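Being a predicted model, the structure only gives us computed values, none of them experimental.
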Amino acid sequence: MVASRHGTGASRPESGASQRHGTAASRRRGTAASRRRGTALTEAIFLTTLEELARASFAELSFDRIATAAGTGKAALYRRWSTPAELVLAALTDPGTGFGEAPAPPRTGNLRDDLIALLTQLVRALDEPRGCALRPLIAQRNRHPELFDQVWRSVIRPAHEVLMQVMRAAAERGEAVPERVTARAAEVGPRMLLVEAWRSDTVGEDEVVAVVDEVLLPLLRSAGGGATTSR
């Protein structure tokens, strides 16, 4: 549900969303982080890591850069994480700053509402520091395949499986054709919304509804009208 493994391979300029969550927030946290310890310091480091990744690229990310932006020493980072990749993965999987566990299936009782609920969560996440940091990792996945594989297993695949659960449940209710419930079908919506986020930076709810109504529901229905969709 978070995003597809197959996206554009090109890097992108710094987005407006990245800027909104960027320099000012890092500066404020940097001053406070030097006085923090434990969980508060870890959270400040995680947020700074995500913001720095969203502004630049993973290749430019370093402990020096993160420590300076977070207002702490490099030693605080080296004590917890051995590499920037390890820190990025920790930040993206943290329940507070990252994606944590995959979302629970909405279970609204109909496919359309379930899809809209899940994909709305996705577009909201893409506009937050965690989502803004995820975008360059997807765009540059061929440059850092090992890190992206870890992100895929820890962040993207669990959310993708939730979409599959929703689609399978719809097939059991007669709202979708079982043969249409495939991994590729579950990737279509997230892919389209991710591309739209790259194109226009922020994706509105109307775009989510359009993707569901104009693309996903017809895709999951029987060509002969054997499956129906609640609206």
If you measure only the distance, is there a donor-acceptor pair under 3.5 Å linking the side chains of E60 and S57?
yes
Distance in Å, M192 CE paired with E187 CD, rounded so as to fall on 0.5 Å steps
14.0 Å
Side chains of E86 and S82: do they bring a donor and an acceptor to under 3.5 Å?
yes
From CZ (R130) to CG (L134), nearest 0.5 Å
10.0 Å
How close do P105 and V166 get, counting heavy atoms only, and between which atoms?
CB-CG2, 4.2 Å
Close side-chain approach of E161 and Q165, heavy atoms under 4.5 Å:
yes
Short side-chain to backbone donor-acceptor contact, D127 and T202, under 3.5 Å:
no
What I'd like to find out is whether the side chain of E101 reaches to under 4.5 Å of the side chain of P95, using heavy atoms alone.
no
If you compare all heavy atoms of L147 against all heavy atoms of A85, which two are closest, and at what distance to 0.1 Å?
CD1-O, 3.8 Å
Applying side-chain contact (heavy atoms from CB on, under 4.5 Å), run through E51 and R55 and close with a yes or a no.
CA-CA 6 Å; E51 290 170 354; R55 275 200 296 274; 4.1 Å; yes
Are side-chain heavy atoms of L220 and V177 found at a separation under 4.5 Å?
no
Which atom pair, heavy atoms only, marks the closest approach of A91 to L50?
CB-CD2, 3.8 Å
Using 4.0 Å as the upper bound for N to carboxylate O, is an ion pair formed by R199 and E196?
yes
With a 4.5 Å heavy-atom cut-off, do V188 and V211 have their side chains touching?
no
Geometric class of the W81/F46 ring pair [parallel <30°, tilted 30-60°, perpendicular >60°]:
tilted
Value for CG (D113) from CZ (R107), rounded to nearest 0.5 Å, stands at 15.0 Å
For the pair H144 and F58, name the ring-plane relationship: parallel under 30°, tilted 30 to 60°, perpendicular over 60°.
perpendicular
Any heavy-atom pair between the side chains of Q121 and R124 that's under 4.5 Å?
no
Give a yes or no on whether the backbone of A176 and the side-chain of R180 come within a donor-acceptor separation of less than 3.5 Å.
no
Minimal non-hydrogen separation, P106 against D114, with atom names
CB-OD1, 3.5 Å
How long is the gap from CD1 on I45 to CD1 on I66, to the nearest 0.5 Å?
8.5 Å
Can you confirm whether L115 sits close enough to L163 that some side-chain heavy atom of one is under 4.5 Å from a side-chain heavy atom of the other?
yes
Does the pair I138 and W198 meet the rule for a side-chain contact (heavy atoms from CB on, under 4.5 Å), with working shown?
CA-CA 11 Å; I138 295 172; W198 268 315; 3.9 Å; yes
Taken to the nearest 0.5 Å, the spacing of R157 CZ from R153 CZ works out to 7.0 Å
Main-chain N/O of V181 paired with R168 side-chain donor or acceptor, under 3.5 Å:
no
Over all heavy atoms of both residues, which pair between V162 and P103 is shortest? Give the atoms and the distance, please.
CG2-O, 3.1 Å
Within a radius of less than 6.0 Å around CD of E205, do more than 12 heavy atoms belonging to other residues, nucleotides or ligands occur?
no
Does R135 use its side chain to pair, donor to acceptor, with the backbone of L126 at less than 3.5 Å?
yes
When rounded to the nearest 0.5 angstrom, what is the spacing between CD1 in I156 and CZ in R141?
10.0 Å
L194 and V203: CA distance, side-chain angles, deciding distance, side-chain contact (heavy atoms from CB on, under 4.5 Å) verdict:
CA-CA 9 Å; L194 181 61; V203 181; over 6 Å; no
Flag the pair L119 / L216 as yes when at least one side-chain heavy-atom distance between them is below 4.5 Å, and no otherwise.
yes
Neighbour count >12 (heavy atoms, 6.0 Å) for atom CZ, R173:
yes
Closest non-hydrogen atoms of A54 and A133, given as atom of the first, atom of the second and distance, are CB-N, 3.8 Å
Is there a side-chain contact between M167 and E172 (heavy atoms, below 4.5 Å)?
no
